[in-house]
Amino acid sequence: MKAMILAGGLSTRLYPLTKTLPKPLVPLDGEANSIHLLRHLRSFGFKQIAMNVHYFADRIVETFGDGSNYDVHLEYLHEPELLGSAGAVKQMEHFFRETFVVVSCDGLTDIPIDQLVAFHRSRKALATIALVHADDVSQYGVVILDENGKIVDFQEKPKLGTERSHLVNTGIYVFEPEIFQWIPPGAFSDFGKQVFPELLRGNTAFYGTEFKNSYWYDIGTLDEYRRATTDVLSGKASWPGFSPTGIARGVHFGGDFKMEGDVHIGAQTRIGNRVRIIGPSVIGDHCVIEDDCVIERSILWDRVNVGAGSRVIDAIVGMDVTLAPSEHVAGGVVANEEPIVRST
């Protein structure tokens, strides 16, 4: 079987962080969520994986290469113009000749893909959606099922009290190649807005199944990104072989350093004297935190420099940001508006 990761979007909901970094490379506890997805797919036997790229495409390809670092083979779809989720998959029609899986790089999940595929096959389905329960569904696409798991309707972001279901579309799909008959070539097409309503009208074998004991969370907004990071640090979301907290290789500590709670410190980071890091917090790779700083409940991406005496509390600090000495950042986001250009 083969899979595709949808990774071409601009991720405007994460601005300003993603003004200098494409969505597939957004770090989650020190590692891009797309890497979590690649390893998750590989753990269920997927070795042939396609990925569409558009925004900062060269950086994505440079980072993931041919996929061999993750024991997969990656095939890229370079989209000069984004044609939607279904439109991207349609362009890879030649790649998929049997049952295949599509996942969005917006989702953090441990859903067992093998069980999803088994359900799909047991229903002889054309398309199947992985679903999870959410108490508040006002920000999600809601799926309504019959007693056999067949999809009978959708609700998009229903207001509180009007929801007809608490089952949320995770953006994880299983398809048969016949799905391509429902996607027009060379045109914009979205699964949720165009293709799935057509499948309903056509009374096709279109199913959904709930994963009650699995983790899934959309990391597409700043608040969701914060919560997902906390979930990973606490172990609520986990994967085999992944250590959410701890200190990576090559970290240098000054004297009287103190660390409390769930904390991840990335490789080759330098931490000065009398620094306190209080979790849940993530410090990226190659950061510099000078003397007498406090980092509390915050996320620092790679190559952040924090000047002496600074306090960073309940904040997200983007890639390559430098904070002046004695700066106080409380809440919100600090990010560069333009990418840093480095000489080679």
Side-chain angles (χ1 to χ4, degrees), residues 3-38 40-41 49-67 69-70 72 74-92 95 102-109 170-173 183 186-195 217-226 228-229 284-285 299-304 316-321 333-342 344:
M4 183 166 182
I5 297 175
L6 296 175
L10 304 182
S11 196
T12 55
R13 295 184 298 162
L14 283 175
Y15 275 6
L17 291 167
T18 46
K19 284 192 173 183
T20 62
L21 192 76
K23 179 167 57 175
L25 302 186
V26 168
L28 193 63
D29 195 16
E31 195 165 62
N33 189 46
S34 292
I35 294 177
H36 294 307
L37 287 174
L38 287 172
H40 187 56
L41 288 167
I49 300 173
M51 180 184 290
N52 67 318
V53 292
H54 170 76
Y55 184 59
F56 287 113
D58 291 345
R59 289 182 64 180
I60 298 170
V61 175
E62 179 183 354
T63 299
F64 297 127
D66 63 2
N69 286 342
Y70 314 102
V72 300
L74 277 174
E75 181 160 329
Y76 295 98
L77 167 65
H78 291 261
E79 286 195 276
E81 177 186 0
L82 292 174
L83 294 182
S85 56
V89 175
K90 176 68 173 180
Q91 294 174 76
M92 295 302 296
F95 188 69
V102 173
V103 300
S104 166
C105 72
D106 279 342
L108 172 68
T109 188
T170 65
I172 303 173
Y173 311 131
I183 308 173
F188 185 93
S189 181
D190 180 81
F191 280 120
K193 295 178 181 178
Q194 280 90 34
V195 177
Y217 202 70
D218 185 338
I219 61 170
T221 71
L222 293 170
D223 287 343
E224 291 166 336
Y225 174 70
R226 290 175 188 271
T229 298
D285 295 345
I299 303 167
L300 277 59
W301 287 9
D302 293 348
R303 299 180 299 279
V304 171
I316 305 174
V317 183
M319 208 80 72
D320 297 300
V321 167
V333 175
V334 181
N336 291 317
E337 295 290 321
E338 298 292 336
I340 299 296
V341 178
R342 294 183 176 81
T344 56

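Note that the numbering runs from 1 along the sequence shown for the chain. Because the structure is predicted, anything quoted here is derived from the model rather than measured.
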(message) Could you walk me through whether F64 and L38 satisfy the side chain to side chain contact (heavy atoms under 4.5 Å, CB included) test, starting with their C-alpha distance in whole Å, then the side-chain angles of each, then the deciding distance to 0.1 Å, before giving a yes or no?
(response) CA-CA 10 Å; F64 297 127; L38 287 172; 4.2 Å; yes
(request) Just do the side chain to side chain contact (heavy atoms under 4.5 Å, CB included) check on I316 and R226 with the steps written out, would you? (result) CA-CA 8 Å; I316 305 174; R226 290 175 188 271; 3.9 Å; yes
How long is the straight-line distance from [atom2] of [Y] back to [atom1] of [X], given to the nearest 0.5 Å?
{"X": "H36", "Y": "Y70", "atom1": "NE2", "atom2": "OH", "result": "11.0 Å"}
{"X": "I49", "Y": "Y76", "atom1": "CD1", "atom2": "OH", "result": "10.5 Å"}
{"X": "F56", "Y": "H54", "atom1": "CZ", "atom2": "NE2", "result": "11.0 Å"}
{"X": "R59", "Y": "L25", "atom1": "CZ", "atom2": "CG", "result": "6.5 Å"}
{"X": "M4", "Y": "M92", "atom1": "CE", "atom2": "CE", "result": "6.0 Å"}
{"X": "H78", "Y": "D58", "atom1": "NE2", "atom2": "CG", "result": "7.5 Å"}

(request) Run the numbers on L14 and L21 for side chain to side chain contact (heavy atoms under 4.5 Å, CB included), then give the verdict. (result) CA-CA 10 Å; L14 283 175; L21 192 76; over 6 Å; no
(message) With side chain to side chain contact (heavy atoms under 4.5 Å, CB included) as the criterion, how do I5 and L41 come out once you've worked through the C-alpha distance, each side chain's angles and the decisive distance to 0.1 Å?
(response) CA-CA 10 Å; I5 297 175; L41 288 167; 4.1 Å; yes
Any side-chain heavy-atom pair of [X] and [Y] under 4.5 Å:
{"X": "D218", "Y": "R13", "value": "yes"}
{"X": "W301", "Y": "L17", "value": "yes"}
{"X": "T109", "Y": "V103", "value": "no"}
{"X": "N52", "Y": "V89", "value": "no"}
{"X": "K90", "Y": "L83", "value": "no"}

Restricting to non-hydrogen atoms, name the atom on [X] and the atom on [Y] that form the minimum distance, rounded to 0.1 Å.
{"X": "G9", "Y": "Y55", "answer": "O-CB, 4.1 Å"}
{"X": "K193", "Y": "D190", "answer": "N-OD2, 2.9 Å"}
{"X": "C105", "Y": "L37", "answer": "CA-CD1, 3.5 Å"}
{"X": "P24", "Y": "S34", "answer": "O-OG, 3.1 Å"}
{"X": "Y217", "Y": "E224", "answer": "CE2-O, 3.3 Å"}
{"X": "V195", "Y": "A86", "answer": "CG2-CB, 3.6 Å"}

With a 3.5 Å distance limit and no angle check, can you tell me whether [X] reaches the backbone of [Y] through a side-chain donor-acceptor pair?
{"X": "D302", "Y": "D285", "result": "yes"}
{"X": "Y225", "Y": "L28", "result": "no"}
{"X": "N336", "Y": "T20", "result": "no"}
{"X": "S189", "Y": "I183", "result": "no"}

(message) Can you tell me which residue among T229, N33, D29 is in a side-chain contact (heavy atoms from CB on, under 4.5 Å) with L108?
(response)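 By the side-chain contact (heavy atoms from CB on, under 4.5 Å) criterion, L108 pairs with just one of T229, N33, D29: N33.
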